[in-house]
Number of protein chains: 2
Amino acid sequence: MSLACETCPVRDSAACAVLSEDERAELAKAGRTRRLKRGELLFAAGDEDTACATLISGALKVTSFAEDGSERILALIHPSGFVGEMFAPFASYDVVALTDSQLCVFAKADMNRALERHPALTRALLRRSQEDLHRAHMLLALGSGMGASDKVGKLLMALAQAASESPCHPRLNFQLPLTRGEMASMLGLTIETVSRALTALERDGLIKREGARGIEIIEPARLELLD
Amino acid sequence: MSLACETCPVRDSAACAVLSEDERAELAKAGRTRRLKRGELLFAAGDEDTACATLISGALKVTSFAEDGSERILALIHPSGFVGEMFAPFASYDVVALTDSQLCVFAKADMNRALERHPALTRALLRRSQEDLHRAHMLLALGSGMGASDKVGKLLMALAQAASESPCHPRLNFQLPLTRGEMASMLGLTIETVSRALTALERDGLIKREGARGIEIIEPARLELLD
DNA sequence: CGTGGGTTTGATGGAGCTCAAGGCACGTGG
DNA sequence: CCACGTGCCTTGAGCTCCATCAAACCCACG
């Protein structure tokens, strides 16, 4: 399926928003939209002919695997986010859809051509890359210095942020895009510990659960925001 | 002190290497070299008028502080590395010299002007930024799924890589740029645990220590490389 | 010689990992 | 419609590893 930038919900927030209409139309010729169902693989670690993509809707996870086969989640990608290692000869990570997703895919060569042609696009990606770096640092900062339920609480706040349309205030009521195992793999904990942490947070009245995935945040302040 | 690019040891590996002689000369007019002694602060979290810099020699650490005041190391910067949040209104991290260092500092405004003028420079920074991201991911992957001495072992391998001139093979014999506390803060451990892990690694014959800072790696294979 | 920063070592307790069992929701086939 | 299987989540019990507290050491430096 070819692109339909006119109706794209992230046309003003994605990297390509810095382009003029004409430039965008030209870039669009090189890209294709793609739909993924939950669990589908977008890029696989080791792929040589890698591509890159802007996420239109849904959510992705970027994962690597330890030698023992256990998965580690390195990053989440939300709509208008960009994913792809533009300069590596092959992909280092798996990228998998967390929910049904829709994205806009470009071959690496095409994107590189576009970067050469449109400096503003390069700068937009640089900005995004630095934001990604900042998020990775936030995740790193979660690694130490506190108990499991603090970590889970902060992760919930981060997810609440991401689920919100408004960039400043979290959404107090949302569905988790992650399984317990995925949360565990972001935080360096086990499934059981995450589960226990959630019940503890609920017991203490900081959150309320609706089924396995629904979360309502009761006391945002005490969950201490993640930046 | 003004710049002396002609004799700069990282003139071929730093971001500015993509510039022509003339372009570099022009950029040089905007920059100044600066020397830091071990422990000196380069940028402080919260600074509004931030700058950015290329490291010429020495080593830097990028740190953030938890609410309880404990430091967390988010990244290390080695010669030819670039540091600075080009797009943030103020700095989020402290940047501190780990050893006596020499760098090449630019005001953010000047650097932004240079980015507009020289697309190739922007692309060089984008590449660097993605590498930084990759390193952050490696550090994240250290967070889970193994014991303390595995973490310390892998950190040693990463430091051995960084200490080496050759990009592919680690240096088996080097001085740690980090104190025990700094290693601990990279790994989410305590000083004591790091110390014990080192003595365990030495007892098992994987490494040998020369004083508090000297490290010789005996069995690189068993320390399992960090990427 | 004393002081202080960094390091090592020991003893102890607790947070979280492991192993194991059970529950709930959902889909599939009889 | 029910029986069954499969994923995912929860809960429990025991044990391991690491954080914590405490003390001593080493060494550079004034």
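Below, chains carry the letters A, B, ... as their sequence lines are ordered, and counting in each starts from 1. Every value quoted in this text rests on a predicted model; they were computed, and no experiment measured them.
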All N/O contacts under 3.5 Å from nucleotides 14-23 of chain C to the protein, with atom names and distances to one decimal?
{"from": "dG16(C)", "atom 1": "OP1", "to": "A148(A)", "atom 2": "N", "distance (Å)": "2.7"}
{"from": "dC17(C)", "atom 1": "OP2", "to": "T190(A)", "atom 2": "N", "distance (Å)": "3.3"}
{"from": "dC17(C)", "atom 1": "OP2", "to": "T190(A)", "atom 2": "OG1", "distance (Å)": "2.9"}
{"from": "dC17(C)", "atom 1": "OP2", "to": "T193(A)", "atom 2": "OG1", "distance (Å)": "2.4"}
{"from": "dT18(C)", "atom 1": "O4", "to": "R196(A)", "atom 2": "NH2", "distance (Å)": "3.1"}
{"from": "dC19(C)", "atom 1": "N4", "to": "E192(A)", "atom 2": "OE2", "distance (Å)": "3.0"}

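Heavy-atom neighbours of F65(A) CZ from other residues, nucleotides or ligands within 6.0 Å: above the threshold of 12.
Listed by residue number, T199(B), R209(B), A212(B), R213(B) are the residues of residues 199-213 of chain B with a heavy-atom contact under 4.0 Å to DNA chain C.
The ring pair (Phe, Tyr, Trp, His ring centres under 6.0 Å) search around Y93(B) returns H134(A), H137(A), not counting sequence neighbours. With sequence neighbours excluded, no residue forms a side-chain hydrogen bond (donor to acceptor under 3.5 Å, both in side chains) with R127(A). Partners of R213(B) according to the side-chain contact (heavy atoms from CB on, under 4.5 Å) rule, which considers only residues two or more places apart in sequence or in another chain, are R38(B), Q175(B), L176(B), T179(B). Residues passing the side-chain contact (heavy atoms from CB on, under 4.5 Å) test with A88(B) are E85(B), sequence neighbours excluded. Under the side-chain hydrogen bond (donor to acceptor under 3.5 Å, both in side chains) criterion, E210(A) pairs with K208(A), not counting sequence neighbours. By the side-chain contact (heavy atoms from CB on, under 4.5 Å) test, A14(A) is found to be paired with V10(A), C16(A), T54(A), S80(A), residues two or more places apart in sequence or in another chain being considered.
Using a 4.5 Å heavy-atom cutoff, the side chains of T63(A) and I73(A) are in contact. Taking the side chain as every heavy atom from C-beta outward, S164(B) and H169(B) never approach each other to under 4.5 Å. Considering only heavy atoms from C-beta on, T193(B) stays 4.5 Å or farther from V152(B) through its side chain.
Along DNA chain D, the stretch of nucleotides lying under 4.0 Å from any heavy atom of chain A spans, 5' to 3', dC9(D) to dA13(D).
Listed by first then second residue, pairs satisfying side chain to side chain donor-acceptor pair (under 3.5 Å) with a partner in residues 67-77 of chain A read K61(A)-E71(A), E67(A)-K154(B), D68(A)-S70(A), R72(A)-S144(B), not counting sequence neighbours. Applying the side chain to side chain donor-acceptor pair (under 3.5 Å) definition to pairs two or more places apart or across chains, those involving residues 195-207 of chain B are E202(B)-R209(B).
Stem regions annotated for DNA chain C: C:1-30 with D:1-30, counting only runs of 3 or more consecutive pairs of Watson-Crick or G-U type with both contacts under 3.5 Å.
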